[in-house]
Amino acid sequence: MLEEIISPEQLRELDKESLPELCDELRQFILQSVSESGGHFSAGLGTVELTVALHYVFKTPEDRLVWDVGHQAYPHKVLTGRKDELNTIRRQGGLSGFPKRSESEYDTFGVGHSSTSISAALGMALAAKQQGINRQSIAVIGDGALTAGMAYEALNHAGDLDASMLVVLNDNDMSISPNVGGLSKYLARLLSGQFYSSIREQGKKILSATPAVQKLAKRAEEHTKGMLMPGTMFEEMGFIYYGPVDGHDVLELVRMFENIRDIDAPRFVHVVTKKGKGYEPAEADPCGYHGVSAFNLEQGIVKSNKPSTPTYTQVFSQWLCDIAAKDDRIVGITPAMCEGSGLVKFSEQYPERYFDVAIAEQHAVTLAAGMACDGVKPIVAIYSTFLQRAYDQLIHDVAIQNLPVVFAIDRAGLVGADGPTHAGNYDLSYLRCIPNMIVMAPADEDECRQMLYTAYLENGPTAVRYPRGKGVGIEPVAEMNAIPIGQAKQLREGQGIAILLFGSLLSPASFAAEELDATLINMRFVKPLDETIITAAAKNYDLIVTIEDNAIQGGAGSAVSECLARLGIEVQVLHLGIPDDYIEHADRESQLDEIGLSNEGVVRQICEYDGGRFAPSTLAKVAHL
């Protein structure tokens with residue numbers, strides 16, 4: 001059946017009783033395709049039946065369907081005409097790993113960060129109402145995404161407006177699965193049925209003349225349901241609650257959605273699913289199978305035992321455990337990124353000093369500020385792209401009060417297959433303009449460890465930003481030594497050109513310095529800048545080249561130009577970094593090559609600058625590079 005479906009229109013022509021078989025085919029297709037190409041794995045396996053039911057009952061794309069977040073939308077991509085392209089997902093020129101408006105009319109809202117779906121779907125519902133259009137607006141939100149304050153702000157607003165929209169909670173927390181039994185299934189069906197709905201509406205009309213009695217009746221209804229089901233909170237916020245429903249019973253889901261489809265009120269359906277459904281290793285380890293490279297389905301993911309140099313995340317992980325052993329004031333804070341930010345080992349060794357605040361970046365930063373006020377030393381481990389969501393708290397609660405909070409900023413710069421929604425291209429720009437901040441960018445793994453220690457020793461806000469994955473392969477030394485604040489380090493002496501490196505692009509910077517016989521300086525600090533070494537470079541060289549894995553606009557290179565202008569020094573300056581554009585998903589090396597930050601790309605840009613005036617002897621190399 002799956003071969004015949006090129007859009008949800010064909011899906012809606014099927015007999016309802018054939019849907020379980022279609023779900024089996026769809027799950028097998030995703031298993032086979034993603035295991036061969038890589039991508040997000042366990043989340044999509046858990047939403048097969050839910051996706052089929054939603055597209056079967058609702059008239060997408062006319063009815064707006066918003067996913068939160070995109071990890072769970074692979075079945076949606078398959079059913080909306082992208083089945084034959086699924087093997088290109090997250091690859092250069094292929095499908096995005098997330099819903100993307102420019103990719104399909106069925107992707108009604110671009111999703112990368114979580115907890116946005118209810119706000120977006122509410123906006124679409126209000127837009128339809130304003131234009132007099134009769135269509136449905138549906139938000140599908142994961143239970144993890146529902147931990148963010150933004151989701152509750154949207155729920156509160158939707159309930160207050162009495163908006164005609166549907167929120168589907170995809171709950172794959174297995175602690176709630178025992179509730180999906182005969183009684184709860186019967187109650188969910190009963191409460192979504194026409195009899196209950198008609199009685200409920202007639203009761204509202206009859207009691208409308210006596211508001212006090214109507215209010216009492218509503219509270220009695222809510223609390224009766226609340227004794228049996230976990231939906232009282234949503235009812236209090238103005239939603240009609242249904243569930244919990246078995247998210248792997250596609251026929252039950254279809255019946256539920258058909259029952260409530262045309263109710264003109266805020267509706268909330270609680271669906272319980274299992275991540276990794278249909279593939280035993282993923283069911284047992286949904287986190288390990290969240291995002292995968294290609295693997296053999298028969299063998300599962302086979303972990304390599306080969307020793308390798310640590311990633312930057314692993315360097316941070318080891319440093320945090322080491323410093324916590326020396327100082328019991330240390331606490332680790334993360335907004336739902338325990339594994340990604342390298343806090344697993346710390347959480348196991350120091351559980352009482354580990355705080356996962358869920359997807360609540362704003363709370364994470366202000367929590368750290370409160371701790372710092374009273375003598376604790378908080379380390380906030382957070383992705384660059386997610387720190388953007390707590391920018392006000394960073395300024396208002398930490399920096400203005402000059403509190404000693406250390407920000408360990410992972411996934412800085414380009415991040416590869418996750419694409420522009422997850423890219424950490426802006427942190428140097430948005431951090432360096434904040435008074436009291438010290439901002440560091442290590443060039444290698446050992447320097448990352450020493451910078452984290454330097455940040456720990458400071459009595460004000462500090463940030464150490466580092467990229468995803470491995471660096472140049474330098475094993476960090478165990479001993480920790482502070483780096484003098486604001487002091488750069490010259491790595492190579494040359495002639496004519498001075499290359500100022502900010503951060504992790506040490507390989508292309510070193511390659512260019514060797515090719516062009518240029519001086520190479522590892523700046524290390526974006527704020528404060530080493531103005532002494534910048535002044536010397538301006539006086540002794542014809543061209544200054546700045547290199548950074550950050551947006552050129554407002555970044556570290558801009559800071560150098562601002563410094564030179566303030567000092568009244570005139571010199572040619574070439575800024576290399578991420579251009580004023582969104583770099584689409586691909587592997588990180590391909591992304592760097594695309595924007596001219598590969599080894600050859602850096603040499604080429606320097607050689608071609610101002611007609612090759614600053615590198616005439618190497619201009620001939622451009623063609624072969």
Side-chain angles (χ1 to χ4, degrees), residues 113-114 144 147-148 287 290 310-327 329-372 376-391 393-394 397-398 403-413 415 418 422 424 427 430-431 437-442 445 447-458 461-471 476 480 504:
H113 291 187
S114 77
T147 61
C287 184
H290 170 70
T311 64
Y312 278 101
T313 304
Q314 290 167 339
V315 170
F316 165 73
S317 175
Q318 186 59 55
W319 172 81
L320 182 59
C321 292
D322 291 346
I323 202 68
K326 297 175 181 291
D327 187 346
R329 297 176 302 156
I330 292 289
V331 297
I333 300 171
T334 184
M337 286 289 121
C338 180
E339 291 82 5
S341 291
L343 285 170
V344 172
K345 187 176 179 181
F346 177 82
S347 69
E348 293 170 349
Q349 293 185 8
Y350 303 99
E352 73 286 353
R353 291 154 64 182
Y354 164 71
F355 300 92
D356 184 344
V357 302
I359 302 175
E361 294 88 356
Q362 294 172 310
H363 168 58
V365 173
T366 304
L367 175 71
M371 289 178 165
V376 171
K377 195 74 176 181
I379 314 295
V380 179
I382 190 168
Y383 288 10
S384 173
T385 187
F386 298 149
L387 183 57
Q388 295 165 184
R389 308 182 89 179
Y391 194 55
Q393 287 69 28
L394 177 62
D397 299 336
V398 176
L403 294 172
V405 178
V406 176
F407 292 91
I409 304 175
D410 204 332
R411 269 60 167 184
V415 294
D418 281 335
H422 283 59
D427 51 75
Y430 69 66
L431 289 172
M437 286 293 302
I438 294 174
V439 184
M440 292 173 264
E445 298 89 333
E447 197 166 69
C448 182
R449 180 176 171 87
Q450 308 313 326
M451 284 184 175
L452 288 163
Y453 180 64
T454 304
Y456 152 78
L457 293 175
E458 287 299 306
T462 53
V464 180
R465 59 97 72 173
Y466 44 89
R468 182 178 191 171
K470 297 181 180 180
M480 289 183 274
S504 63

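Predicted, not measured: the structure shown is a model, and the values here were computed from it.
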- Task: Please report the shortest heavy-atom distance between Gly144 and Ile359, naming the atom on each side.
- Result: O-CD1, 3.3 Å

- Is any side-chain N of the basic residue among Asp418 and Arg411 closer than 4.0 Å to the acidic one's carboxylate O? no

- Task: List the atom of Met480, the atom of Gln450, and the distance in Å for their closest heavy-atom pair.
- Result: CA-OE1, 3.2 Å

- Item | Worked verdict on Ile330 versus Arg353 for side-chain contact (heavy atoms from CB on, under 4.5 Å) | CA-CA 7 Å; Ile330 292 289; Arg353 291 154 64 182; 3.7 Å; yes

- Measure up the Tyr312 and Tyr466 rings against each other and bin them: parallel (under 30°), tilted (30 to 60°), perpendicular (over 60°). parallel

- Query: Going by atom types only, do Thr366 and Asp397 share a side-chain donor-acceptor pair under 3.5 Å?
  - Reply: yes

- Contact check, side chains of Tyr456 and Arg329, non-hydrogen atoms, under 4.5 Å: yes

- Query: Heavy-atom distance under 4.5 Å between the side chains of Ser317 and Val344, does that happen here?
  - Reply: no

- Query: Would you call Gln393 and His363 a side-chain contact if the rule is heavy atoms closer than 4.5 Å?
  - Reply: no

- Does a side-chain heavy-atom distance below 4.5 Å link Glu339 with Cys287? yes

- Side chains of Val365 and Leu387: closer than 4.5 Å at any heavy-atom pair? yes

- Of all residues at least two apart in sequence or in a different chain, which pass the ring pair (Phe, Tyr, Trp, His ring centres under 6.0 Å) check with Phe355? none

- Give the minimum heavy-atom separation between Pro335 and Asp356, together with the two atoms involved. C-OD1, 4.1 Å

- Query: Taking the six-membered ring for Trp, are Tyr350 and Phe346 parallel (under 30°), tilted (30 to 60°) or perpendicular (over 60°)?
  - Reply: tilted

- Working for side-chain contact (heavy atoms from CB on, under 4.5 Å), residues Lys345 and Gln318: CA-CA 8 Å; Lys345 187 176 179 181; Gln318 186 59 55; 2.7 Å; yes

- Task: Could you tell me whether the side chain of Thr334 reaches within less than 4.5 Å of the side chain of Tyr354, counting heavy atoms only?
- Result: yes

- Contacts of Phe407 that satisfy ring pair (Phe, Tyr, Trp, His ring centres under 6.0 Å) - sequence neighbours left out: none

- Taking C-beta and beyond as the side chain, do Arg465 and Leu431 meet within less than 4.5 Å on heavy atoms? no

- Item | Heavy-atom side-chain contact between Ser114 and Arg389 under 4.5 Å | yes

